[in-house]
Engineer: 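I have a structure here, written as structure tokens, and I will follow up with some questions on it.
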2 protein chains.
Amino acid sequence: MMNLNRLMALRKERNWSLQYVSDQLGMAKSTYAGYESGYRRPSLEAIAAMADLFHTSVDYILGRVDEPGTYTEPPNSQAEKMIDLNHLTNYTLSVDGRVLSEEEIRQFVAFIKTKWELEQPARSK
Amino acid sequence: MMNLNRLMALRKERNWSLQYVSDQLGMAKSTYAGYESGYRRPSLEAIAAMADLFHTSVDYILGRVDEPGTYTEPPNSQAEKMIDLNHLTNYTLSVDGRVLSEEEIRQFVAFIKTKWELEQPARSK
DNA sequence: AAAAATGTTCTCGTTCCGCGTACACATTTG
DNA sequence: CAAATGTGTACGCGGAACGAGAACATTTTT
């Protein structure tokens, strides 16, 4: 399940007590303690307030990103895996759980190529 | 109060229906509709699933940041080589070195789905 | 030593989440 | 045209779980 175990680390890094954090957030000590222990789950507003207090992002508290810094988009976000539809050997494509046949992919490639050609017709002058 | 009015924009940008989104998220249509209207508030796991589906961050849905990007694929324990075109996240498709836009992939998915429907007129729930 | 602070766990009252359902409207199908 | 299907909205209900407070053990401070 989705844990919030990064909360305690964020707090201890700053040497803050449960009482201090819960005071800053305007909630009972036991309430915030429940978040850290996993006994309770914070509301959206509570977790947003925690992200503000710790100067981090909600996604970091949720463990969805690894950078604690408040949301700075790296310009090289194209570090994804590039898959060439002309020679895809190690991958299978699916839609709604159903696998696409090679024929269907070939048809799509042909379709896209024609589409691009039509978009770039003017070679005039 | 904290609004989630970006949800509807994210859905309409993709021309998705409430039924489709709620199916993808595994919840009732009325439940997801409650999120968009502000009638209900999603759990942390629900909003994380929505961020995954819309290929964005929880902070963006919450309105804490303005950039829709910033996303790192969550630990997905599914089959490695199976790529679902509905949730294209950390993959980029290309043909002859040119990258396919998300819109083009969406069009292709829509095309394939209608093709399959025509091939199989039998309907089951 | 006492006193204060800190962290943990429990109960209780109440909020409100999620689902099913029904409805109005739009779109598609026969 | 009407019927059927898709789409968006609103409501009631059962139950999950939230938040606060209190009690307690442990640690730190005075």
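In what follows, every chain begins at residue 1, and chains take the letters A, B, ... in the order their sequences are listed.
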Engineer: Considering all heavy atoms of both residues, which atom of A:Ser43 and which atom of A:Tyr35 are nearest to each other, and what is their separation?
Structural biologist: N-OH, 4.5 Å
Engineer: Using the side-chain contact (heavy atoms from CB on, under 4.5 Å) criterion, which residues pair with A:Gln24? Sequence neighbours excluded.
Structural biologist: A:Tyr20, A:Leu53
Engineer: Excluding sequence neighbours, so at least two apart, what forms ring pair (Phe, Tyr, Trp, His ring centres under 6.0 Å) with A:Phe54?
Structural biologist: A:Trp16
Engineer: Taking atom P of D:dA20 as reference, at what distance in whole Å does atom CG of A:Asp23 sit?
Structural biologist: 11 Å
Engineer: Using atom CG of A:Leu25 as one end and atom P of D:dG19 as the other, report the distance to the nearest whole Å.
Structural biologist: 11 Å
Engineer: In whole angstrom, what separates A:Gln19's CD from C:dT8's P?
Structural biologist: 14 Å
Engineer: Excluding sequence neighbours, so at least two apart, what forms side-chain contact (heavy atoms from CB on, under 4.5 Å) with A:Ala33?
Structural biologist: A:Leu18
Engineer: Would you mind reading off the distance between A:Trp16 atom CH2 and C:dG7 atom C1', rounded to a whole angstrom?
Structural biologist: 18 Å
Engineer: To the nearest 10°, give me the bend of the helix from C:dA1-D:dT30 to C:dG30-D:dC1, comparing the axes of its five terminal pairs at either end.
Structural biologist: 30°
Engineer: Applying salt bridge (Lys or Arg N to Asp or Glu O under 4.0 Å), name anything that partners B:Arg40, two or more places apart in sequence or on another chain.
Structural biologist: none
Engineer: List for me each residue that meets side-chain contact (heavy atoms from CB on, under 4.5 Å) alongside A:Ser30, sequence neighbours excluded, and say none if there are none.
Structural biologist: A:Ala28
Engineer: Which residues in residues 8-15 of chain A have at least one heavy atom lying under 4.0 Å from any atom of DNA chain C?
Structural biologist: A:Arg11
Engineer: Rounded to the nearest angstrom, tell me the gap between atom CG in A:Leu18 and atom P in D:dG21.
Structural biologist: 16 Å
Engineer: If a protein heavy atom is under 4.0 Å from the base, mark B; if only from the sugar-phosphate, S; if neither, -; do that for nucleotides 9-20 of chain C going 5' to 3'.
Structural biologist: B-B-----BBBB
Engineer: Once side-chain contact (heavy atoms from CB on, under 4.5 Å) is applied, do any residues pair with B:Ser37, and if so which ones, sequence neighbours excluded?
Structural biologist: B:Tyr39
Engineer: Grab the two heavy atoms, one from A:Val58 and one from A:Ala48, that are nearest each other, plus how far apart they are.
Structural biologist: CG2-CA, 4.1 Å
Engineer: Quick one: list whatever passes salt bridge (Lys or Arg N to Asp or Glu O under 4.0 Å) with A:Asp23, sequence neighbours left out.
Structural biologist: none
Engineer: Can you list everything that forms a salt bridge (Lys or Arg N to Asp or Glu O under 4.0 Å) with A:Arg6? Sequence neighbours excluded, please.
Structural biologist: A:Asp66
Engineer: Holding to side chain to side chain donor-acceptor pair (under 3.5 Å), I want the full list of residues that pass it with A:Asp52, two or more places apart in sequence or in another chain.
Structural biologist: B:Arg64
